[in-house]
Amino acid sequence: MKFVDEATITVEAGKGGNGCMSFRREKFIPKGGPDGGDGGDGGSVWVEADESLNTLIDYRFTRRYNAQNGQPGRGANCTGSKGEELVLKVPVGTTVVDVDTDEVLADLTYIGQREKVAQGGFHGLGNTRYKSSVNRSPTQTTKGSPGELRNLRLELKVLADVGLLGLPNAGKSTFIRSVSAARPKVADYPFTTLVPNLGVVRTEAHRSFVVADIPGIIEGAAEGAGLGIRFLKHLARNRVLLHLVDMAPWDEQSPAESAKVAVRELTRFSATLAQQPRWLVLNKLDLLPEDERESACQAVVDALDWQGPVYSISALNKMGLQALVHDLQDFLDARVAAIAENPALLDEEQATRAIIDHEARVNLERLRQEMRAKREEADWDDDFDDDDYDVEVEYVR
C-alpha cells in the first residue's frame, strides 16, 4: 500500500428539488385548489474518521465526489425525497482545508468523528405554499437551491505524543524499534525511512504513549533537498519532540553541526514548531570511547546553547532508554493532568497547532511552486509526482 498523506479533491453537495405546481383535479370537485408539493433537500457531504484507514491513496485516483440531488415535488401534496448524504471515510488525523479560502473545515482527531464539509441545497416550495384567502389559485413555485461546491485539500498528520527529529541515520528507526513493537526498516544508508512510522511505548500497565518516526531531513531541505520538509508536518500534533543526534556520524560532519542543521531546517519550516517542547537525545554513544563521551556530548550542548533536557543513549544497545521513556511518560501524564485541571490549556494547544499548520501550508506551497518552476524550466515530465513513493507502510499498535 502506498503511503499518501495529502490529496486534493472536489466535492459537490446535492441540489435541492424544485417545488411542484399542480392543481387538484377530481370528478365532482370543481374547485380542488393547489396541491403542488415541495421538493426534497439535496444530500450533504460529510467526512468521517475511520480506524481502518491509514492513507489517503484512494483520493489520489478519484478526485470528484457528488452527493445525491433532492427529488422534485409532485402533485397531491407529495414531497420529493431527500438526496442521500455522501460520507467520505478518511484516516484519523486528517485535516480538511478549503483550497479557495484556506479555511480549515474539519480536524478529525478521534475515531468516528464526523464533520459536514458541503451543505446540500434546500428544497423548493410547491404552489400549495402560496395559497391564501386572496390567492386561491397560486402559480408561484420556487426552485431548489444548488448544493455547495468546494475544492478541498485533505492533509493527513499522524497522531502521536512524541515525535522524532533528526538527520538521516541518526538512529530514529532503531530508537522506535527498541522502545516499541514497531519494526521499521533499518539499514546503514541514508533515507532508509521513506514514510512515517508509529510505535506504541508501554511503560506500565495502562500507561503508554505513541512515538512517530519521520524521514530524516538534511541541509537545504527547505529548498527541496533530500525528501524535503513535507514530512515535518507530521510533528505538528506532538506534545514533545526528541531531537536525536548521531554522535558517531558516518560522514565528516560533526555531531554539533548536524544538530544545528536539524534545528535550522525545523525553524525554517515552522518557527512556532521550533519553539515547542524539545529534548536533546545524544545517540550511538556506544561507538565512542568512554573517555571521549562526556566531552563530545558537551560540545553539542555548547554548540546549540542548549538549556533543556539532555539524554545520552544508545538505541541499539538500549543504554539509557529506560530513564528517557519513563521521563517522557511522566511529562505526558503531567500535561494531561494540567489540561484536566485547566481546560483552557487545551484551547491554547489547539491554537498553537493551527498556527503551525498554517506555517506548514505556506512553506509547503512555496516549495511546490519552486519545484514546479524547476521542472518546467528543465522540461521534465509533467506527470512526475515527487509525493508518490511506491513503498509499503504498516502501522503497528
Side-chain angles (χ1 to χ4, degrees), residues 4-21 36-50 53 55-74 78-127 129-130 140-157 233 236 350-351 353-355 357-358 360-362 364-365 368 387:
V4 177
D5 59 1
E6 191 167 309
T8 302
I9 63 175
T10 299
V11 298
E12 184 175 7
K15 176 183 178 298
N18 297 331
C20 175
M21 186 179 69
D38 298 340
D41 292 331
S44 299
V45 182
W46 299 72
V47 289
E48 181 179 344
D50 192 330
L53 300 177
T55 176
L56 295 172
I57 188 170
D58 293 337
Y59 299 101
R60 278 292 183 91
F61 301 107
T62 304
R63 298 297 183 101
R64 188 176 182 90
Y65 297 86
N66 297 82
Q68 191 177 39
N69 295 330
Q71 296 299 309
R74 297 186 179 181
C78 292
T79 301
S81 61
K82 295 182 178 181
E84 186 176 352
E85 295 181 337
L86 176 63
V87 180
L88 303 178
K89 300 295 184 69
V90 296
V92 180
T94 299
T95 302
V96 183
V97 182
D98 189 312
V99 174
D100 301 316
T101 65
D102 206 30
E103 176 188 2
V104 177
L105 303 178
D107 190 12
L108 308 178
T109 57
Y110 59 88
I111 298 171
Q113 183 180 356
R114 178 184 287 198
E115 301 289 345
K116 184 186 295 184
V117 294
Q119 173 65 51
F122 295 101
H123 60 269
L125 302 179
N127 64 335
R129 296 279 190 171
Y130 296 94
Q140 301 100 320
T141 62
T142 58
K143 294 183 178 181
S145 61
E148 286 186 315
L149 175 66
R150 291 183 182 271
N151 296 312
L152 304 178
R153 183 169 60 250
L154 306 180
E155 302 174 350
L156 173 61
K157 303 180 187 70
K233 64 184 179 183
Q350 293 174 344
R353 290 176 179 175
I355 295 174
D357 288 342
H358 176 72
R361 292 188 195 102
V362 170
L364 288 173
E365 183 59 29
R368 290 191 189 94
D387 287 348

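Worth knowing before you read on, the calculation uses all heavy atoms, side chains too, and leaves out hydrogens, waters and symmetry mates. Index from 1, following the sequence.
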List for me each residue that meets side-chain contact (heavy atoms from CB on, under 4.5 Å) alongside Arg114, sequence neighbours excluded, and say none if there are none.
Trp46, Glu48, Val87
Flag, side chain of Asp50 to backbone of Val90, donor-acceptor distance under 3.5 Å:
no
Looking only at heavy atoms, which two atoms of Gln119 and Glu148 are closest? And how far apart?
N-OE1, 2.7 Å
Over 12 non-hydrogen atoms of neighbours within 6.0 angstrom of NZ in Lys116
yes
Measuring from Leu125:CG to Asn18:CG, what's the distance to the nearest 0.5 Å?
11.0 Å
Answer yes or no: is there a donor N or O on one side and an acceptor on the other, between the side chain of Arg153 and the main chain of Thr95, under 3.5 Å?
no
Of Lys143, Lys82, Arg129, Arg74, which meets salt bridge (charged side-chain N to carboxylate O under 4.0 Å, His left out) against Asp38?
Arg129
Nearest atoms (heavy-atom pairs only) where Ala13 meets Ala67:
CA-CB, 4.0 Å
At their closest point, which heavy atom of Leu56 faces which heavy atom of Leu154, and how far apart are they?
CD1-O, 3.6 Å
Is the backbone N or O of Val117 less than 3.5 Å from a side-chain atom of Arg150, with the two atoms forming a donor-acceptor pair by type?
yes
Considering non-hydrogen atoms only, spot the tightest contact between Thr141 and Asn127 and give its length.
CG2-N, 3.7 Å
Would you say the side chain of Thr142 lies within less than 4.5 Å of the side chain of Phe122, judging by non-hydrogen atoms?
no
Calculate, to the nearest 0.5 Å, the distance between atoms CG and OG1 belonging to Leu152 and Thr8 respectively.
9.0 Å
Between the side chain of Asn69 and the main-chain N/O of Lys15, is any donor-acceptor distance below 3.5 Å?
yes
pair Thr94-Leu53: side-chain heavy atoms closer than 4.5 Å:
no
Can you see which heavy atom on Val47 is nearest to which on Ala106, and at what distance?
CG2-CB, 4.2 Å
Do Asp102 and His358 touch side chain to side chain, with heavy atoms closer than 4.5 Å?
yes
Using a 4.5 Å cut-off on heavy atoms from C-beta on, say whether the side chain of Glu115 contacts that of Val96.
no
Hey, does the side chain of Gln113 reach the backbone of Asp107 with a donor-acceptor pair shorter than 3.5 angstrom?
yes
State, yes or no, whether a side-chain contact exists between Leu86 and Tyr65 at a heavy-atom distance under 4.5 Å.
yes
Any side-chain heavy atom of Thr109 sitting closer than 4.5 Å to one from Arg353?
no
What heavy-atom pair brings Asp100 and Asn151 nearest, and what distance separates the two atoms?
OD2-ND2, 3.2 Å
Mark yes or no for whether Thr10, through its side chain, and Arg64, through its backbone, hold a donor-acceptor pair below 3.5 Å.
no
Are any side-chain N or O atoms of Asp41 and backbone N or O atoms of His123, one a donor and one an acceptor, separated by less than 3.5 Å?
yes
Taking Gln71's backbone N and O only, do any of them form a donor-acceptor pair with Ser81's side chain (distance below 3.5 Å, no angle check)?
no
